[in-house]
Amino acid sequence: MSDFARVVSALTTRRRGGGPLPLVDARALLDDTGGDDAAVARRLTGAFLEALGEGAASDQARAVLADVDGDWADAANLYRHGLEVIPAEIAWRADAAPEVAAALATLVGVVDVPDVEATSVQVAQHIWRVLFPEGVGILGAEAQREDALRRRRTVTVSEPPADAIGDVASEVLFTANALLTTPLATRDAAQLDVAERVAEVARDAATERQRYFYDHPIPVGIEPEANEILYGLTHLDAAIAFEQERGTVPDGVRVPCVLSVSVTHHGLRPVARDYVADVIDRAGGLRHVDVHVFGEDQTGRLVAEVLAPAASRLLGRDDTDLLDVVGVDGRYGRHYSFLKAIAALWHVVVDDRVRATFKIDLDQVFPQDVLVDQTGRSAFEHLAAAQWGARGAGVDGDVELGMLAGSLVNERDIATSLFTPDVAFPDGPSAPPDHVFFSKLPQALSTAAEMGTRYAAGDPDGAAAVLERVHVTGGTTGARVDALRRHRPFTPSFVARAEDQAFVLATYGAAPTRLAYLHADGLIMRHDKEAFAGEAIKAAAVGKLIGDHVRMLLFSAYGLALGDVDALKAIVDPFTGCFVSRTPVATTLLRFALQAAALLDGDDPEQGVAFVRDGGHQLCEALAFVDGDPSPLSETLDRERRGWQLFYDTLDALEAALARGDQEARGLAAAAQRIVADAAIG
């Protein structure tokens, strides 16, 4: 039996005595004789763990996984794939890294010898040295690790921006994304708070196969008080009213906001814009915000009527199909890239005063009174960050701080302080899967060291030295148009989680100066999702868990496709980088099985059923996507990189043609302006 198999057996085999082991009882799962779906999910999960550990029932376990069809075929295929791949992956890693081989040998001694006692934290630390090295050594040394990470992120400014953002209302294009799904199953037609035509289309869409899965999408017809679209936009409206009272925005000015609308079912596309318009109209409209709604239909028009003709006529390109990267339906990466790139297009063909963009999430708001009280500045005054666009020297070379990142505070914590971290350090692993992979730990570290940095405290001081952010949240990020056009970042469309952190990765190594996020000390938004969107969050909880597992497989393969994984992880560890794993299949599938067991034995076993069944399907798809040389992932990355290069080349050509008075270019710009006008609501 291999060392790794011995470890898995020790983690999953019932033993006498107390202590943290076993994490789950694989044999009890395997021996479930029930006839319901939960029993099937238990048997499949138990079979995987038993066979991975090569326990006494290994042959029985493999037989259970061998003859499965119907709804459970993907889960069985996933587990069988793990049994084939994981031993080789662990062996390869141990051969490539002597420290991992030594850690694995030590781990065997910790978990497999009856007279060796260890705490849950100690067991986890030993497992992490093999499967999750980014988490090792943080617990018990939090302050030292914070200080070390803050030093790694410090940038010495060599060249402040010559043209800092000043008039936020005219120079910054606000963006947001709405995620729409079909009506909640608990609502009948009479309870849907929406126009009848929209409700009818939404009910029909519910009969389709769901295409995309989001954290907490907005169910069509949800009550106004639980609707994120209404919540986010009305609070943005109020924030601008506050700025007008403060004198930072002139009276009567309406601030544009591009709202992309992504849908879980294709049948929702025809009513996406109408739904948003109906929701806002029923609430009485907005006084200070001009909302432009872009669903897949509207972005399709931009490509067909503006970008593709411009690329063909001005550049002589016949590969304009590459421009299908411009869109909003799909995984998170697709709409995130659009919401950054739209500012560059806006600058060229709509309003050349726009020099930056800033994205908000609709469950986040600017707490203006608290901002002014505790920082002395309002949201717009923070957005006019003096060093946004500066250049400087980081630990790995020169950087351009063309991106901007704020921070979050949870609604329940803001009464304590605006600067209360939204992710606190955990005491240790609290559930079986945490012993394999515990992302909350490096997340808490980067939250404290990056998001929690106060320039007023000294080093960095915010002027001569500032902080680079790697750990960012999508709802508080900005980008300068000149940086977008120079570096051409994008998040690949296959990225379904952490699309914000992935946005600049594809630019690493492409230029001598690396594109980076500037930490905006005090630019903090209040995160309110738990206060009003509880039902939608609960409905999407399993999908979010599955997405977290898919994230590791995709990010690990993405890191390999980018080239130098060591160089990448030197920048993005510990939090973003912990999803770029050296043992992605072993870490993901062992964690997945432990998570499944915990859910199936929890208060709501149906969550475990959905997790195993739906997760099996999505993880099988992800594994197929990252397999091969070249893999579909690397081919997709290459194609989308060429697509975004064409997008920015087209904008450059269009801008130059407009400057010389080209009539055809003027016609294309007019077409873009019509599409923008048609997208406006209210």
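- Side-chain contact between Pro183 and Pro219 is absent, with no heavy atoms from C-beta onward closer than 4.5 Å.
- When all heavy atoms of Ala449 and Leu467 are compared, the closest pair comes out as O-CD2, 3.9 Å.
- No donor-acceptor pair under 3.5 Å is formed between the side chain of His617 and the backbone N or O of Arg613.
- At a threshold of 4.5 Å between non-hydrogen side-chain atoms, the residues Trp644 and Pro489 do not count as touching.
- The aromatic ring centroids of His382 and Trp388 lie 6.0 Å or more from each other.
- Listed for the Asp204 side chain is no donor-acceptor partner under 3.5 Å among the backbone atoms of Val201.
- Taking the six-membered ring for Trp and the full ring otherwise, the centers of Phe490 and Phe647 sit at least 6.0 Å from each other.
- Minimum heavy-atom separation, Phe338 to Gly327: CB-O, 3.5 Å.
- Using modelled atom types and a 3.5 Å distance limit, the side chains of His471 and Thr576 yield no donor-acceptor pair.
- Among Arg301, His266, Arg269, Arg334, the one residue that satisfies the side-chain hydrogen bond (donor to acceptor under 3.5 Å, both in side chains) test with Glu296 is Arg334.
- Interatomic distance, Leu362 CG to Leu233 CG, rounded to the nearest 0.5 Å: 5.5 Å.
- A search for side chain to side chain contact (heavy atoms under 4.5 Å, CB included) contacts involving Glu171 returns Ile165, Asp167, Arg355, not counting sequence neighbours.
- Listed by chain and residue number, nothing satisfies the salt bridge (Lys or Arg N to Asp or Glu O under 4.0 Å) test with Arg377 (two or more places apart in sequence, or in another chain).
- Between the side chains of Asn177 and Ser262, a donor-acceptor pair is found at a separation under 3.5 Å.
- Shortest non-hydrogen contact noted between Gly474 and Asp361 is C-OD1, 4.3 Å.
- Here the CG-CG distance, from Leu523 to Leu371, works out to 7.5 Å after rounding to the nearest 0.5 Å.
- Residue pairs meeting the salt bridge (Lys or Arg N to Asp or Glu O under 4.0 Å) criterion with at least one member in residues 174-185, sequence neighbours excluded, do not occur.
- For residues 277-294, every residue pair satisfying the salt bridge (Lys or Arg N to Asp or Glu O under 4.0 Å) rule, not counting sequence neighbours, is listed here: Asp193-Arg282, Arg254-Asp290, Asp278-Arg282.
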Test log, rule ring-ring contact (aromatic ring centres under 6.0 Å, His included), inputs Tyr212 and Tyr332: CA-CA 9 Å; Tyr212 310 113; Tyr332 284 81; over 10 Å; no
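- A distance of 11.5 Å separates CZ of Arg353 from CG of Leu173, quoted to the nearest 0.5 Å.
- Shown here are the side chain to side chain contact (heavy atoms under 4.5 Å, CB included) partners of Ala344, two or more places apart in sequence or in another chain: Val481, Arg485, Tyr648, Leu651.
- By the ring pair (Phe, Tyr, Trp, His ring centres under 6.0 Å) test, Phe174 is found to be paired with Phe380, residues two or more places apart in sequence or in another chain being considered.
- Phe437 and Cys578 get closest at one heavy-atom pair: CE1-O, 3.4 Å.
- Between the side chain of Gln244 and the backbone N or O of Val249 there is no donor-acceptor pair closer than 3.5 Å.
- Side chains of Asp422 and His527: no donor on one and acceptor on the other come within 3.5 Å.
- In this structure, the separation between CG on Leu401 and CZ on Arg469 is 12.0 Å, given to the nearest 0.5 Å.
- In this structure the side chain of Asp521 never reaches within 4.5 angstrom of the side chain of Thr453, judged on heavy atoms.
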Quick one: do Thr476 and Ile360 satisfy side chain to side chain contact (heavy atoms under 4.5 Å, CB included)? Show the steps, please. CA-CA 6 Å; Thr476 60; Ile360 64 170; over 6 Å; no
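- When all heavy atoms of Thr182 and Ala205 are compared, the pair lying nearest together is CG2-C, 3.9 Å.
- Gln618 pairs by the side chain to side chain contact (heavy atoms under 4.5 Å, CB included) definition with Phe213, Ile546, Val550, not counting sequence neighbours.
- Between the side chains of Asp500 and Tyr336, no donor-acceptor pair is found at a separation under 3.5 Å.
- Arg526 contributes atom CZ, which lies 11.0 Å from atom CD of Gln368 (distance to the nearest 0.5 angstrom).
- Counting heavy atoms from C-beta on, the side chains of Arg488 and Leu484 never come closer than 4.5 Å.
- For the pair Phe575/Leu441, no side-chain contact is recorded, criterion being any heavy-atom separation below 4.5 Å from C-beta on.
- Gln607 places no side-chain N or O within donor-acceptor distance of the main-chain N or O of Val542, the cut-off being under 3.5 Å.
- No donor-acceptor contact under 3.5 angstrom links the side chains of Lys340 and Thr491, judged on distance only.
- Under the side-chain hydrogen bond (donor to acceptor under 3.5 Å, both in side chains) criterion, Arg674 pairs with no residue, sequence neighbours left out.
- Formation of a donor-acceptor pair under 3.5 Å by the Asn227 side chain with backbone atoms of Glu223 is not found in this model.
- For Gln501 (side chain) and Val572 (main-chain N/O), no donor-acceptor pair under 3.5 Å exists by modelled atom type.
- Contact of the Phe294 side chain with the Val258 side chain is registered, since non-hydrogen atoms from C-beta on lie closer than 4.5 Å.
- Residues passing the side-chain hydrogen bond (donor to acceptor under 3.5 Å, both in side chains) test with Thr357, sequence neighbours excluded: none.
- A donor-acceptor pair under 3.5 Å links the side-chain atoms of His347 to the main chain of Asp352, judged by distance alone.
- Applying the salt bridge (Lys or Arg N to Asp or Glu O under 4.0 Å) test to every pair with at least one member in residues 241-250, sequence neighbours left out, gives these pairs: Arg246-Glu381.
- A heavy-atom distance below 4.5 Å is found between the side chains of Ile218 and Tyr275.
- Listed for the Asp237 side chain is no donor-acceptor partner under 3.5 Å among the backbone atoms of Leu286.
- A search for side-chain hydrogen bond (donor to acceptor under 3.5 Å, both in side chains) contacts involving Arg211 returns nothing, not counting sequence neighbours.
- Note that CG of Asp678 and NE2 of His292 are 11.0 Å apart. Values are rounded to the nearest 0.5 Å.
- Within the cation-pi definition used here (under 6.0 Å to the ring centroid, within 45° of the axis), Arg551 qualifies as a partner of Phe579.
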Step by step, work out the side chain to side chain contact (heavy atoms under 4.5 Å, CB included) result for Val495 and Arg331. CA-CA 6 Å; Val495 172; Arg331 292 175 171 169; over 6 Å; no
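- Applying the side-chain hydrogen bond (donor to acceptor under 3.5 Å, both in side chains) test to Thr234 and every residue at least two apart in sequence or in another chain returns nothing.
- A heavy-atom distance below 4.5 Å is found between the side chains of Ile280 and Ile681.
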What do the steps show when you test Tyr517 against Val504 for side chain to side chain contact (heavy atoms under 4.5 Å, CB included), and what is the final call? CA-CA 9 Å; Tyr517 288 89; Val504 299; 3.9 Å; yes
